[in-house]
Amino acid sequence: YCPVQSGRPVTFSFSAKGSREGLPIVAHLIEGSGKTTSRTFTVGTQWQRFSFAATPQEGMVFPVVGINAEPDLAFPAGLWLDALQLEVGETATPYEATFPVEVVLDTGREGNVYTLGEKVTPRLTALNASPDAQSAEVVVEVEDFFGRRAERARRSLSLQAGGNWSGDLDLGVTQPGFYRLHLTVSGEGWSTSRPIRTAVIYPFDRQYPGADGFLGINHAFVSDLYMRRAKAMGLTWVRSWFCKWQDVEPRQGAFDFDEA
């Protein structure tokens, strides 16, 4: 949630493009009580800028934007977003980066999940969005499941105005398990950091294609992505509470397994 002033207009703007022309999307500004201001848009395959204004009646709003999954929408469909901005006022202004240098750490893996034997070498990309040359110090620390944390990569970057840099970082992670990658970027008078969750798993679905595992989960994930990741690591059993027996047997002796 983003803090705002009650009764004062704000504008939410973002850049978007889709995997095909005419892709419907929807954007929301959700207040703490659930009160929502929404706008629908249509995106194409080229980057476009979109915006809308709202006047929150509470002190917090949560900006959301995604594909408008209408019943007749054909899947798969992809949406790319960039340069999201929430600002005071009824009109969007040009995007301004929070920090002079923007940095992203991209694993290139679905769900940031590697399989055992793959090198954990996420790609670091830095962009100087300011009109002046900038220097930045980038540090990546790796924390394991037990909270043990160690620096694994450091880069000192000098970027011209509008310049960028990319490179792969070998973090030396070789054992299976859950990890947090702590990315810290510092410059003159500013610093920012964020954690990125990742994991290294045994490739159960590759070693035993179509086999049942010994582990399961009590509630099914609502995302196909998470279900694919669960199956890949051997979580092949799911207990679902969504299917009720009265749906399976609506009348005595009459069975309908569509919901199952």
Problem - Under 3.5 Å: donor-acceptor pair, side chain of Glu31, backbone of Gln57 - result: yes
Problem - Side-chain (Asn68) to main-chain (Glu70) donor-acceptor, under 3.5 angstrom - result: no
Problem - Main-chain N/O of Leu29 paired with Thr37 side-chain donor or acceptor, under 3.5 Å - result: no
Exercise for the section: Run through Arg154, Arg149, His182 and flag the one making a side chain to side chain donor-acceptor pair (under 3.5 Å) with Glu141. Expected result: Arg149
Practice task
Return the minimal non-hydrogen interatomic distance between Val61 and Val4, and the atom names on each side.
Solution key: CG2-CG1, 3.8 Å
Handout entry: Arg152 and its side-chain contact (heavy atoms from CB on, under 4.5 Å) partner, picked from Val173, Val140, Leu169
Key = Val173
Exercise for the section: Spell out, as yes or no, whether a donor-acceptor pair under 3.5 Å connects the side chain of Glu110 to the backbone of Arg229. Expected result: no
Completion exercise
Between Pro63 and Leu86, the two heavy atoms sitting closest are CG-CD2, 4.3 Å
Completion exercise
Per side chain to side chain donor-acceptor pair (under 3.5 Å), Glu137 is matched among Ser191, Ser186, Ser156 by Ser156
Exercise for the section: Evaluate the side-chain proximity of Leu124 to Trp165: yes if any heavy-atom separation is below 4.5 Å, no if none is. Expected result: yes
Practice task
Say whether, by atom type as modelled, one donor and one acceptor occur between the side chain of Ser19 and the main chain of Gly78 under 3.5 angstrom.
Solution key: yes
Practice task
State, with a plain yes or no, whether a side-chain heavy atom of Val43 is found less than 4.5 Å away from one of Lys17.
Solution key: no
Exercise for the section: Indicate yes or no for a side-chain donor-acceptor contact from Gln134 to the backbone of Gly187 under 3.5 Å, with no hydrogens or angles considered. Expected result: no
Exercise for the section: Check whether any side-chain heavy atom of Val101 lies under 4.5 Å from a side-chain heavy atom of Leu157, and answer yes or no. Expected result: no
Practice task
Grab the two heavy atoms, one from Gly89 and one from Thr11, that are nearest each other, plus how far apart they are.
Solution key: O-OG1, 2.6 Å
Handout entry: Gln160 atom CD, neighbour heavy-atom count above 12 within 6.0 Å
Key = no
Handout entry: Between CG on residue Asn164 and CG on residue Leu159, distance to nearest 0.5 Å
Key = 7.5 Å
Handout entry: Exam field: side chain Arg49 to backbone Ala83, donor-acceptor pair closer than 3.5 Å
Key = yes
Practice task
Check whether any side-chain N or O of Asn128 sits under 3.5 Å from a backbone N or O of Gly163 as a donor-acceptor pair, and report yes or no.
Solution key: no
Handout entry: Side-chain heavy-atom pair Tyr95, Ser15 within 4.5 angstrom cut-off
Key = no
Problem - Full working for salt bridge (Lys or Arg N to Asp or Glu O under 4.0 Å) between Lys35 and Glu58 - result: CA-CA 9 Å; Lys35 179 180 178 293; Glu58 301 176 39; over 6 Å; no
Handout entry: Pairwise side-chain contact, Leu171 with Pro122, heavy-atom cut-off 4.5 Å (strictly under)
Key = yes
Exercise for the section: Without swapping roles, check the side chain of Trp237 against the backbone of Phe214 for a donor-acceptor pair under 3.5 Å. Expected result: no
Problem - Enclosure of Arg123 CZ (heavy-atom neighbours >12, cutoff 6.0 Å) - result: yes
Handout entry: Note, Met233 side chain near Leu215 side chain (heavy atom, < 4.5 Å)
Key = no
Handout entry: Minimum heavy-atom distance between Ala16 and Ile25, given as atom pair plus value
Key = CB-CD1, 4.5 Å
Practice task
Might you point out which heavy atoms bring Phe99 and Glu102 nearest each other, and give the distance in Å?
Solution key: O-CG, 4.3 Å
Exercise for the section: Quick one: closest heavy-atom pair of Leu73 and Ala69, and the distance? Expected result: CD2-CA, 3.9 Å
Practice task
Keeping the roles fixed (side chain from Thr198, backbone from Asn112), state whether a donor-acceptor pair exists under 3.5 Å.
Solution key: yes
Handout entry: Greater than 12 external heavy atoms within 6.0 Å of Phe178's CZ
Key = yes
Exercise for the section: Assign the ring pair Phe257 / Phe255 to parallel, tilted or perpendicular, where the plane angle (0 to 90°) is split at 30° and 60°. Expected result: parallel
Exercise for the section: Kindly assign one of parallel, tilted or perpendicular to the pair Phe41 and Phe14, based on the angle between their ring planes and the thresholds 30° and 60°. Expected result: perpendicular
